[in-house]
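The next block holds one structure in the form of structure tokens; read it before the comments.
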Amino acid sequence: MVRAAAHVARTRCRGDHHTMAAAGRAPDGRVVTAVNAYHFTGGPCAELVLIGTAAAQGVYELDTIVAVGDRDRGVVPPCGRCRQVLLDYFPGVKVLVAVDGRVRAVPVAELLPVGYVWADHRLGTEGADQEPPAGPLTPGG
């Protein structure tokens with residue numbers, strides 16, 4: 001997976017618009033790759049582009065994902081936004097990260113301890129239709 005992402009980073013990341021590549025592996029072994037679309041307004045990271053690219057190819061589950069920087073920067077951990085999205089879309093995904101110079105697989109939940117779980121707070125879930133508790137943080141309270 002690191003080789004696949006590094007190959008894409010070397011061959012497809014050009015200039016300031018595409019500086020990161022990602023590779024994700026589906027449970028059936030298929031590998032999907034993508035690059036970021038950098039823009040001063042934020043632009044999507046390679047991991048987020050990968051989620052859409054995977055879906056366009058019929059891949060809706062990922063078991064492993066990695067991001068690699070251009071100019072031979074190596075494995076780069078996901079930003080906070082990507083960690084949250086990965087946790088929400090694929091709570092069991094393992095993320096390849098570099099630790100002490102070695103690449104290891106880490107469950108996304110370990111990268112985002114005590115993370116917000118989007119599914120727990122959607123409308124229609126138990127308790128979602130209750131009023132928030134009154135107090136100083138409540139609007140108008």
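What you see is a predicted model, and the numbers here were worked out from it, not measured in a lab.
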Would you say the side chain of [Y] lies within less than 4.5 Å of the side chain of [X], judging by non-hydrogen atoms?
X	Y	value
Val76	Val68	no
Ile65	Ile51	no
Cys45	Met20	no
Pro78	Leu111	yes
Asn36	Thr19	yes
Asp28	Glu61	no
Pro77	Arg83	yes
Val108	Lys94	no

Following the transitive rule for hydrophobic clusters with a side-chain heavy-atom cut-off under 4.5 Å over Ile, Leu, Val, Met, Phe, Trp and Tyr, establish whether [X] and [Y] coincide in one cluster.
X	Y	value
Val85	Val59	yes
Val103	Leu62	no
Val2	Val95	no
Leu48	Val93	yes

Looking only at heavy atoms, which two atoms of [X] and [Y] are closest? And how far apart?
X	Y	value
Val8	Ala21	CG1-CB, 3.7 Å
Phe90	Tyr60	CE2-O, 3.3 Å
Val49	Ala34	CG1-CB, 3.7 Å
Val31	Ala23	CG1-CB, 4.2 Å

Candidate pair Leu96 and Arg104, rule side-chain contact (heavy atoms from CB on, under 4.5 Å), full reasoning: CA-CA 5 Å; Leu96 299 182; Arg104 63 178 258 220; over 6 Å; no
Pair Val97-Val66, side-chain contact (heavy atoms from CB on, under 4.5 Å): steps then yes or no: CA-CA 7 Å; Val97 296; Val66 65; over 6 Å; no
Tell me whether [X] contacts the main-chain N or O of [Y] through its side chain, where contact means a donor paired with an acceptor under 3.5 Å.
X	Y	result
Arg25	Val32	no
Asp70	Ala9	no
His18	Val35	no

How long is the span from the [atom1] atom in [X] to the [atom2] atom in [Y], to the nearest 0.5 Å?
X	Y	atom1	atom2	answer
Phe40	Asp16	CZ	CG	13.0 Å
Asp63	Met1	CG	CE	7.5 Å
Leu86	Leu112	CG	CG	9.5 Å

Arg3 atom CZ: more than 12 heavy-atom contacts under 6.0 Å: no
Neighbour count >12 (heavy atoms, 6.0 Å) for atom CZ, Arg12: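 Count not over threshold, so no.
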Residues Arg102, Asp100: salt bridge by 4.0 Å N-O rule: no
